[in-house]
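As the structure is a computational prediction, the values presented were derived from the model and not from experiment.
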Amino acid sequence: MKRALVLSFSPIASDPRVMRQVQALQGRYALTVAGFGAAPAGELEFVALEPEAPSRTGKLVKAATLLGGLNEFHYWRMPLVQRTLAALQGRRFDVVVTNDIIALPVALKLANGTPVLLDAHEYAPREFEDLWRWRVFLQRFYTHLCRRYLPRVA
């Protein structure tokens with residue numbers, strides 16, 4: 001049976017969009033689901049991920065790397081990204097489905113050339129543009145992720 005990964009940096013069991021993806025793939029694939037919170041019901045492997053709780057120093061480093069435009073450095077050193085890679089590295093999937101742009105780069109790395117499907121809820125760089133913190137710290141980062149990684153989505 002082919003293997004599929006559903007990856008979301010959200011509480012899986014309470015995320016209706018992700019749960020629809022899980023339900024659509026169950027029974028058709030040997031399914032691995034990775035995300036926050038409790039495991040969804042059904043025949044699948046669940047990999048629990050822990051959301052980030054950055055320290056004060058971590059927040060300062062994050063702000064400095066984002067303001068400095070060190071987007072790749074920032075992304076690949078995010079504790080959540082590193083924990084996700086550690087938990088899933090070395091596994092093989094025939095398809096990877098990911099939720100939102102923030103999980104896309106790590107999904108592409110884990111896919112190792114197999115198709116990656118992205119469920120983008122909105123255009124991420126403009127999601128919170130009404131908030132000054134978003135515009136100053138995150139908008140350029142999310143624009144970078146879209147430009148670099150969206151072209152690689154199946």
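Side-chain contact check for V95 versus L117: some heavy-atom pair is nearer than 4.5 Å. Between H74 and H144, the closest side-chain pair of non-hydrogen atoms is not below 4.5 Å. Counting only heavy atoms from C-beta outward, the side chains of L88 and V106 never approach each other to under 4.5 Å. In this structure, the side chains of L49 and L80 come closer than 4.5 Å at one or more pairs of heavy atoms. In this structure, the side chains of W76 and K109 come closer than 4.5 Å at one or more pairs of heavy atoms. You'll find the side chain of T98 stays beyond 4.5 Å of the side chain of S8, heavy atoms only. With a 4.5 Å cut-off on side-chain heavy atoms, L150 and L118 count as touching. Residues F36 and I12 form no side-chain contact, since every pair of their non-hydrogen atoms from C-beta on lies 4.5 Å or further apart.
Dense packing is recorded around CG of D94, with more than 12 heavy atoms of other residues, nucleotides or ligands lying under 6.0 Å away. For Y29, the OH atom counts as loosely surrounded, since its 6.0 Å shell holds 12 or fewer non-hydrogen atoms of other residues, nucleotides or ligands. Within a 6.0 Å sphere centred on CZ of R17, other residues, nucleotides and ligands contribute more than 12 heavy atoms.
Between the CD1 atom in I102 and the CZ atom in F141 there is a gap of 4.0 Å [rounded to 0.5 Å]. Going from atom CG of L25 over to atom CZ of R3 covers 12.5 Å, rounded to the nearest 0.5 Å. The structure places CE of M1 at 10.0 Å from CG of L31, a figure rounded to the nearest 0.5 Å.
Note on I101 and V81: same hydrophobic cluster, where clusters join Ile, Leu, Val, Met, Phe, Trp and Tyr whose side-chain heavy atoms are under 4.5 Å apart, directly or indirectly. A single hydrophobic cluster is not seen to contain both V96 and V22; linkage of ILVMFWY side chains at heavy-atom distances under 4.5 Å, directly or through other members, places them apart.
Salt-bridge annotation for R77 and E72: absent, with no side-chain N of the basic residue lying under 4.0 Å from a carboxylate O of the acidic one.
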